[in-house]
Amino acid sequence: MQGDYLQQIEERPLTGVGLRRLEAFLQRQGLRYDSGVEYTVLYYDSQGNIAATGSLQKNVLKCIAVAEECRGEGLTASVVSTLRAAAFSRGQQHLFLFTKPQNQAMFQDFGFYPVSSTQDMLLMENKKGGIDAFVASLEKGRGEQAAIVANCNPFTLGHRYLVETAAARCDTLHLFVLSEDASLFPSRVRMELVRRGVADLANVIVHPTSDYLISAATFPTYFLKSDQIERGAGGALDLAVFGQHFAPALGITRRFVGQEPFSPITALYNRQMQEILPRYGVEVVEIPRRQIGGQAVSASRVRALLAQGQMEEVKALVPPTTWDFLQTEEGQAIARRAGERP
């Protein structure tokens, strides 16, 4: 019990009537339920109505709301404390929090510090100056600086073409490889495949993104399937993080992207990029996809071929470094998992 309120913990995504009740409650508070959440705490009043709630997705606290008539009773602090304890118990120490910009002062009192914001969203973290320390740790380049941010799941000849093309148009190319582990190829493997695949390009610097670019914290819908896309896809906050922190710290004035004919989320993200990044002095340059056999090369096509066991077709779409990895025991295990995925 929390005062006159009954606490309920859900350690899996809600479904059925419970989900519909929570969605309706959040909607009344001007929020929406994110389908990626893994843990939810709810407080009910004596009449059985939802008084407060909050959810956890990996290391991100979100969907935190208190009914208007229950505010001022410490429920927000109770929700945050419960979520923080749940995250710590799962080994998550670096926490992020989604809220509305007008709630910044309240959550600062709970030990969170602002990272970036848009008109509607504020991202905070529990490390003071965490993002600035991370960006300061990245290797700096020289001359005209540009960037690519990519998942590389896995690194293909399409990625190689994009990187080669971009690197030829700038003095230093910062290539950010997503650190989020939500893909068929683990982050550690993707990073190594990229490093090997661009090792001969002297002006390319490969970086991890940590939790700060295209992650559960900055862009929670990026890894969802197309039929799960939420309105707006959430890319604006991720681009604000890039424009407010990464670009000025590294002197990045251009960001290169490949044309996106396949993924609706990525296509929308590219359009948002062209609208938002120029506000931060970053030009967006879109590069046509490399084609092989009359089709655009894509990592999704490679994964589909892996799932079908069509290894010779895969070989034609990836650089030798990726192909060599796929011949290893770990690479073969990943290929088998591709065939097991729905």
Least distance between heavy atoms, Ala67 atom then Ile50 atom: CB-O, 4.2 Å
Look only at the side chain of Asp45 and the backbone of Ala51, and say whether a donor-acceptor pair between them is shorter than 3.5 Å. no
Distance from Phe246 atom CZ to Leu138 atom CG, nearest 0.5 Å? 6.5 Å
Phe242 six-ring centre to Arg255 NZ/CZ under 6.0 Å and within 45° of normal: yes
Can a donor-acceptor pair be found, under 3.5 Å and without considering hydrogens, that links the side chain of Gln332 to the backbone of Gln327? yes
Using a 6.0 Å cut-off, check whether atom CD of Gln93 has over 12 heavy atoms from anything other than its own residue. yes
Counting heavy atoms not belonging to Gln27, are there more than 12 under 6.0 Å from its CD? no
Can a donor-acceptor pair be found, under 3.5 Å and without considering hydrogens, that links the side chain of Thr53 to the backbone of Leu42? no
Could you tell me the separation between the CH2 atom of Trp323 and the CG atom of Leu317, rounded to the nearest 0.5 Å? 10.5 Å
To the closest 0.5 Å, what do you measure between CE (Met191) and CZ (Phe185)? 15.5 Å
Without swapping roles, check the side chain of Asn59 against the backbone of Ala87 for a donor-acceptor pair under 3.5 Å. no
Around atom NZ of Lys127, are there more than 12 heavy atoms of other residues, nucleotides or ligands at under 6.0 Å? no
How far apart are the C-alpha atoms of Arg254 and Glu144, what are their side-chain angles, what is the distance that settles it, and do they pass the salt bridge (charged side-chain N to carboxylate O under 4.0 Å, His left out) test? CA-CA 9 Å; Arg254 280 194 288 176; Glu144 185 184 11; 3.0 Å; yes
Leu213 side, atom CG; Glu180 side, atom CD - distance, nearest 0.5 Å: 11.5 Å
Dump the intermediate steps for side-chain contact (heavy atoms from CB on, under 4.5 Å) on Cys70 and Tyr5, then the final yes or no. CA-CA 10 Å; Cys70 301; Tyr5 298 100; 3.6 Å; yes
Any heavy-atom pair between the side chains of Leu201 and Arg160 that's under 4.5 Å? yes
CA sep, side-chain torsions, deciding dist, call: Arg196, Glu192, salt bridge (charged side-chain N to carboxylate O under 4.0 Å, His left out): CA-CA 6 Å; Arg196 295 178 188 176; Glu192 184 59 27; 3.0 Å; yes
Would you say the side-chain atoms of Gln7 pair up with the backbone N or O of Val41, donor to acceptor, closer than 3.5 Å? no
Take Asp238 and Tyr269 through the test side-chain contact (heavy atoms from CB on, under 4.5 Å) and record every step on the way to the result. CA-CA 10 Å; Asp238 180 82; Tyr269 182 58; 2.5 Å; yes
Can you check whether Val60 reaches Leu97 side chain to side chain, under 4.5 Å on heavy atoms? no
Return the minimal non-hydrogen interatomic distance between Asp34 and Cys63, and the atom names on each side. N-SG, 3.8 Å
Residues, nucleotides or ligands: over 12 heavy atoms within 6.0 Å of Glu329 CD: no
Once you measure the plane-to-plane angle for Phe134 and Tyr212, does it fall in the parallel (<30°), tilted (30-60°) or perpendicular (>60°) bin? tilted
Residue pair Ala338 / Leu184: nearest heavy atoms and the distance that separates them: CB-CD2, 3.6 Å
Please answer whether the main-chain N or O of Ser55 pairs with a side-chain N or O of Thr40 as donor and acceptor at a distance below 3.5 Å. no
Would you say Ser81's side chain and Ser78's backbone share a donor-acceptor pair under 3.5 angstrom? no
Expected output: side-chain Gln145 to main-chain Arg142 donor-acceptor under 3.5 Å: yes
What is the distance from atom CG of Leu250 to atom NZ of Lys140, rounded to the nearest 0.5 Å? 6.0 Å
Find out whether Glu125 and Phe112 are in side-chain contact, i.e. whether some heavy atom of one side chain is under 4.5 Å from a heavy atom of the other. no
When you check the side-chain N and O atoms of His207 and Glu139, is any donor under 3.5 Å from an acceptor? no
Looking at Arg290 and Val297, would you say the former's side chain and the latter's main chain have a donor-acceptor pair under 3.5 Å? no
pair Asn103-Leu122: side-chain heavy atoms closer than 4.5 Å: no
Just do the salt bridge (charged side-chain N to carboxylate O under 4.0 Å, His left out) check on Glu330 and Arg188 with the steps written out, would you? CA-CA 12 Å; Glu330 184 177 15; Arg188 167 186 55 81; 2.5 Å; yes
Side chain to side chain, Ser183 and Asn151, heavy atoms closer than 4.5 Å: yes
Looking at Cys170, is its backbone amide N or carbonyl O close enough to the side chain of Asn203 to form a donor-acceptor pair, meaning the two atoms are under 3.5 Å apart? yes
Nearest heavy-atom neighbours spanning Pro154 and Leu193: CB-CD1, 4.2 Å
Begin from the C-alpha positions of Thr82 and Tyr39 and carry the test side-chain contact (heavy atoms from CB on, under 4.5 Å) through to its verdict. CA-CA 10 Å; Thr82 301; Tyr39 178 102; 3.7 Å; yes
According to a hydrophobic-cluster definition based on side-chain heavy atoms being under 4.5 Å apart (Ile, Leu, Val, Met, Phe, Trp, Tyr only), do Phe176 and Ile205 belong together? no
Phe107 meets the ring pair (Phe, Tyr, Trp, His ring centres under 6.0 Å) criterion, sequence neighbours left out, with Phe110
Could you give me the CA-CA distance, side-chain angles and deciding distance for Leu306 and Met311, then say whether side-chain contact (heavy atoms from CB on, under 4.5 Å) is met? CA-CA 6 Å; Leu306 285 174; Met311 299 306 292; 3.7 Å; yes
For Gln108 and Pro114, which heavy atoms make the closest approach, and how far apart are they? NE2-CD, 4.0 Å
Less than 4.5 Å apart, any side-chain heavy atom of Val177 and any of Phe155? no
Looking only at heavy atoms, which two atoms of Pro248 and Gly243 are closest? And how far apart? CD-O, 3.2 Å
Side-chain contact, heavy-atom cut-off 4.5 Å: Tyr113 with Met124? no
Answer with yes or no whether the hydrophobic clustering places Val66 together with Ile9; edges join I, L, V, M, F, W, Y residues whose side-chain heavy atoms lie under 4.5 Å apart. yes
Output the distance between atom CZ (Phe325) and atom CZ (Arg190), rounded to the nearest 0.5 Å. 11.5 Å
Side chains of Pro186 and Asp181 in contact at under 4.5 Å (non-hydrogen atoms): yes
